[in-house]
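So that the names make sense, note that chain A is the first sequence line, chain B the second, and so on, each numbered from 1. The structure displayed is predicted, hence computed values, not measured ones.
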Amino acid sequence: MHSGGLAYILGRQKTYIITLDIEMTKEHYNFDTIEKKWQDYWLTNKTFKTEDFGDKPKYYALDMFPYPSGAGLHVGHPEGYTATDIICRYKRMRGFNVLHPMGWDAFGMPAENAAIENGTHPGKWTYENIESMRVQLKRIGLSYDWSREFATCDSDYSHWEQLIFLRMLEKNLAYKKTSNVNWCNDCQTVLANEQVEDGCCWRCNNPVEQKELDQWFFRITEYADELLNETENLKGWPEKVLAMQRNWIGKSYGCEIDFSVKGSAAKIKVFTTRPDTLYGATFMSLAPEHPLVGTLVSAEQRAEVELFCAEVSRQNKLDRTSGELEKKGVFTGAYCLNPLTGQEIPVFLANFVLMDYGTGAVMAVPAHDQRDFEFAQKYQLDIQVVIQPEGASLDPQTMQTAMTGTGVLVNSGDFNGISNEDAKERIASYLDAEQLGCKSINYRLRDWGVSRQRYWGTPIPIIYCDSCGTVPVPEKDLPVKLPMDVEITGEGGSPLARHQEFLTVACPCCGAPARRESDTFDTFVESSWYFARYASPEYDQAPLDADAANYWLPVDQYIGGIEHAVMHLLYARFFTKVLRDLGMVKASEPFTNLLTQGMVCMESQRCSEHGWLYPEEVRDGKCVTCGRAAELGRTEKMSKSKKNVVDPNALIERYGADTARLFSLFAAPPEKDLEWNEQGVEGCYRFLNRVWRAVHDNLGLIESSPEVASLTGTTSDLRCKTHETIKKVSADVDGRFHFNTAIASVMELVNVIYGLKKGQEQPAVLREAIETVVRLLAPFVPHICEELWQRLGHEGGIERQGWPSWDEAAMVKSEIEMVVQVNGKLRSKVKVAIDIDNAELEKIALAEPNVARFIEGKQIRKVICVAGRLVNIVVAG
RNA sequence: GCGAGAGUGGCGGAGUUGGUAGACGCGCUGGUCUUAGGAACCAGUAUCUUAUGAUGUGGGGGUUCGAGUCCCCCCUCUCGCACCA
């Protein structure tokens with residue numbers, strides 16, 4: 001750097017400081033002006049625009065993109081986004097080619113609800129929300145490459161999603177089948193499980209029914225094994241998320257067994273993980289929806305069975321699978337035969353048997369399964385013990401609960417006396433040989449139903465023709481666009497199903513009048529591949545530009561909420577494998593490292609008169625309306641209903657974006673829940689002001705000594721601390737994401753700078769220390785650091801300067817403080833030469849007065865010296 | 001019930017391989033400067049204590065010269081899954 005240039009810049013900056021001082025009150029730095037200035041600077045200079053390819057190593061960091069809701073950004077968003085931003089800024093300073101994009105998960109129900117409530121078109125509502133949320137994000141100073149932004153409701157995105165669907169159809173990875181769904185007859189629409197409240201429609205409060213509907217599915221079960229097995233290789237994922245995914249896939253080993261029905265050719269197939277208990281099967285439980293129910297039921301039982309089935313069908317899936325449900329059943333009048341004993345066993349329907357797990361039929365072994373035990377007691381059915389635990393003798397008459405542990409087989413013919421674990425294999429093999437059943441693997445994971453009777457989603461590109469059947473929309477006709485002139489009332493089913501112009505189409509095969517599919521995709525489909533589209537967001541030949549996608553993927557660091565641990569993250573993994581098998585990308589897994597951020601929590605407050613209170617409705621612990629004392633509630637997740645929320649806009653207005661960024665990562669590590677605390681925010685603001693003053697109070701001194709580069713080795717405690725801090729912050733930020741401790745160590749360095757005696761500073765060392773503070777903080781609080789960096793006489797932006805490196809030589813100390821323990825208890829501390837040998841150290845330690853006191857008259861057993869840390873004298877007695 | 005994680009001052013949290021428990025911040029106490037302080041700066045702040053002492057990381061055992069950290073048992077909390085056959 002030319003010294004003339006430096007003088008010029010400093011000179012100009014000085015006048016600037018004076019003006020600022022006047023306008024900013026004496027004590028605080030003017031974050032408003034500074035943050036605006038640097039956000040403009042980054043924009044004009046295209047600082048964060050990313051180029052594909054290049055010599056630098058690539059680094060792709062991604063936030064889970066937000067839904068553009070009407071409520072705008074909440075304070076939970078910035079925490080995760082800031083964490084990613086810090087990583088990105090750090091990686092850029094470290095010489096990586098960083099991809100850091102942002103976009104919008106823009107299809108979804110809230111847009112339709114807004115349309116129903118205020119008549120706004122979902123598209124207009126969505127794009128307006130995007131506008132205002134983009135402004136909010138920009139105020140935080142996140143270093144996104146905004147040129148890659150897209151919304152999933154853009155017809156361009158739909159185009160390529162529809163194409164992926166067509167390819168999946170060709171590969172038989174997408175198919176149509178009938179399945180049971182929650183159905184509200186009033187609203188004429190399918191409801192997601194979450195939209196069913198107490199068995200009723202959340203909107204009209206009508207009872208929800210189960211209904212069979214034709215639905216499109218993705219064959220995710222085809223990938224069940226790969227999705228399961230690869231969880232072992234996802235070393236960069238939290239164990240918790242992997243456990244949840246394994247649990248969700250729910251692979252279990254067992255066998256399928258055929259039970260023949262007495263007096264009928266029909267066979268009932270069951271899946272069981274306990275073939276060892278087969279001799280103890282004393283009845284059969286079928287799901288009420290089981291296809292054989294109609295043929296099995298006897299004339300006498302028919303009325304009762306129908307009543308039961310009707311009752312069960314009124315229950316929604318959530319209630320149906322809740323543990324609270326009372327176990328109920330009904331006898332069908334039919335009997336089937338135990339394939340091993342030939343014993344006749346009654347066939348029941350039971351409300352707890354689910355048609356979509358296993359085969360929808362369960363062989364009931366009351367002695368060894370708690371549900372079957374309770375069921376048998378309720379309906380007075382036989383209980384047959386077939387496993388005796390070691391050293392006990394079970395009696396069906398006196399059993400209080402089922403015996404589910406291990407033991408030895410009894411009452412089991414040729415298999416008596418074998419341990420039940422061995423019997424699983426032996427009986428399964430026997431069934432196999434006798435063709436009575438076969439070993440089988442079952443998954444809890446179901447194929448992914450993607451049809452939604454909604455308007456605001458990606459149209460499924462299918463045409464139904466009376467003569468040609470189900471015909472995919474030809475590629476040249478993509479995208480199938482949503483019609484804009486729709487009336488959304490919330491009644492009478494999907495608006496698309498009533499939109500004649502949309503529905504009516506000529507069959508692509510025969511040209512005859514045909515009908516379009518009116519369902520749209522589940523919005524999870526969009527979020528299953530958006531991360532890949534960021535590599536080439538404008539590519540117009542295919543969903544992905546293979547070169548760009550293969551350069552950027554997989555995402556190196558993905559950050560988002562734990563609430564997506566299963567659905568979104570599993571679907572995204574599935575889609576990546578599908579895209580790989582379609583030849584569109586090489587990666588098999590989308591996200592190498594995953595960080596799940598905690599929730600943002602805050603204490604709730606309420607008034608006995610006015611209910612929950614917003615923080616601004618409480619002053620001095622009292623309700624501002626009536627003056628009653630506000631009661632403090634639990635600290636819990638911020639939510640509108642409890643009014644324990646902080647508006648990020650207000651926060652930024654009051655303290656600035658840098659303070660908001662700093663606090664959200666200083667209070668707790670990002671994966672933990674963050675407890676919001678106004679005083680903590682103040683503390684961070686105070687710290688930034690301390691940094692600001694540390695620079696300005698020393699500008700004169702620093703100016704006199706610009707040559708930091710000439711420093712070598714140990715010159716002072718300050719230089720040592722400076723380099724220790726660089727090392728510590730680098731280690732904390734890189735891979736560990738312990739931003740809170742990184743910030744804490746910079747605070748320590750600032751405290752040391754403040755503790756320097758006036759007039760005794762070494763200007764070059766001081767300059768190095770102060771510049772280091774600014775550079776280390778740059779990823780965390782970029783605006784103030786850019787400003788300070790400029791005021792320190794540097795041009796061209798602080799990121800260009802790169803990340804500081806530490807000099808081990810500067811950290812070498814000639815003396816070190818070591819702890820002296822006697823029998824493991826701290827007794828003294830001694831200052832010794834760094835390279836002291838053990839014998840010498842021992843001598844000094846033993847000579848310490850307080851040590852001598854504790855070893856006096858005792859025999860020294862041994863002395864343990866740990867280099868650089870301590871010496872422990874072990875004495876007897 | 002199953003799975004995962006956690007339990008450390010008044011509070012949020014530090015504590016890479018076992019090696020000075022409580023970094024850093026908040027709060028609190030005292031001081032300096034001020035017309036003033038809800039600004040700034042400095043000092044103090046785990047508990048008990050006459051201490052150069054004792055105790056202390058949910059409880060109880062163990063391994064070790066030495067345990068917040070490793071092992072065993074138990075308790076509590078959070079999250080996820082849950083009639084899964």
Hey, does [X] reach any base, or is it just sugar-phosphate, or nothing, if we go heavy atoms under 4.0 Å?
| X | answer |
| --- | --- |
| A:E682 | nothing |
| A:F687 | nothing |
| A:R736 | base |
| A:P669 | sugar-phosphate |

Nearest-Å distance once atom [atom1] is located in both [N] and [M]:
| N | M | atom1 | answer |
| --- | --- | --- | --- |
| B:G3 | B:C65 | P | 36 Å |
| B:C48 | B:C74 | P | 35 Å |
| B:G25 | B:U76 | C1' | 28 Å |
| B:G56 | B:A67 | C1' | 14 Å |
| B:A23 | B:G58 | C1' | 23 Å |
| B:G7 | B:U64 | C1' | 25 Å |
| B:U35 | B:A43 | P | 25 Å |
| B:U8 | B:U57 | P | 11 Å |

Side-chain donor/acceptor of A:N247 to base of B:C81, under 3.5 Å: no
Is it the case that B:C65 (base atoms only) and A:K862 (side chain only) share a donor and an acceptor within less than 3.5 Å, ignoring hydrogens and angles? no
In whole Å, what is the span from the [atom1] atom of [X] to the [atom2] atom of [N]?
| X | N | atom1 | atom2 | result |
| --- | --- | --- | --- | --- |
| A:Y29 | B:A40 | OH | P | 14 Å |
| A:I753 | B:C42 | CD1 | P | 12 Å |
| A:K672 | B:A4 | NZ | C1' | 15 Å |
| A:E748 | B:G15 | CD | C1' | 12 Å |
| A:K327 | B:C84 | NZ | C1' | 13 Å |
| A:F739 | B:A14 | CZ | P | 13 Å |
| A:K727 | B:A23 | NZ | P | 22 Å |
| A:F663 | B:G13 | CZ | C1' | 11 Å |

Taking only N and O in the side chain of [X], is any of them less than 4.0 Å away from OP1 or OP2 of [N]?
| X | N | answer |
| --- | --- | --- |
| A:R869 | B:G18 | no |
| A:R246 | B:G80 | no |
| A:H738 | B:U16 | no |
| A:R444 | B:A85 | no |
| A:N751 | B:G25 | yes |

Return yes if a side-chain donor-acceptor contact under 3.5 Å exists between A:D225 and A:Y443, otherwise no. yes
Any chance the side chains of A:R444 and A:N247 put a donor and an acceptor closer than 3.5 Å? no
Which nucleotide, [options], lies nearest any side-chain atom of [X]?
| X | options | result |
| --- | --- | --- |
| A:V866 | B:A85, B:C41, B:G19 | B:G19 |
| A:R690 | B:C41, B:C83, B:A23 | B:C41 |
| A:N872 | B:A85, B:C41, B:G19 | B:G19 |
| A:R693 | B:A40, B:G27, B:U20 | B:A40 |
| A:R686 | B:C24, B:G27, B:G19 | B:G27 |
| A:T741 | B:G15, B:C65, B:G13 | B:G15 |
| A:K240 | B:A40, B:G19, B:A4 | B:A4 |
| A:N740 | B:G13, B:C84, B:G25 | B:G13 |

Test item: [X] side-chain N/O and [Y] main-chain N/O as donor-acceptor pair under 3.5 Å:
| X | Y | value |
| --- | --- | --- |
| A:D447 | A:I220 | yes |
| A:T725 | A:L749 | no |
| A:S285 | A:A364 | no |
| A:R661 | A:P78 | no |

Between A:Y754 and A:D732, which residue's closest nucleotide on RNA chain B lies nearer the 5′ terminus? A:D732
Ranking A:W248 and A:V874 by the position along RNA chain B of their nearest nucleotide, the one closer to 5' is A:V874
Please say whether more than 12 non-hydrogen atoms of neighbouring residues, nucleotides or ligands are located less than 6.0 Å from CZ in A:R736. yes
Just wondering, are more than 12 heavy atoms of other shown residues or ligands nearer than 6.0 Å to NZ in A:K378? yes
A:Y379: side chain to side chain contact (heavy atoms under 4.5 Å, CB included) partners, not counting sequence neighbours: A:K328, A:F348, A:F375, A:L381
Strand RNA chain B in bracket notation, Watson-Crick/G-U under 3.5 Å with | for pairs to another chain: (((((((..(((......[....)))((((((.......))))))(((....)))..(((((..]....))))))))))))....
Going 5' to 3' through nucleotides 45-55 of chain B and flagging B where a protein heavy-atom sits under 4.0 Å of the base, S where only the sugar-phosphate is that close, and - otherwise, we get -------BSSS
Once side chain to side chain donor-acceptor pair (under 3.5 Å) is applied, do any residues pair with A:N442, and if so which ones, sequence neighbours excluded? A:Y357
Among residues at least two apart in sequence or on other chains, which ones pass side chain to side chain donor-acceptor pair (under 3.5 Å) with A:T741? A:D732
Write out all pairs satisfying side chain to side chain donor-acceptor pair (under 3.5 Å) with one or both partners inside residues 358-371 of chain A, taking only residues at least two apart or from two chains. A:D369-A:R371, A:Q370-A:E374
Electrostatic pair A:E842:A:K862 at N-O distance under 4.0 angstrom: no
Syn-anti status, with the boundary at 90° from 0, for the nucleotide B:G9: syn
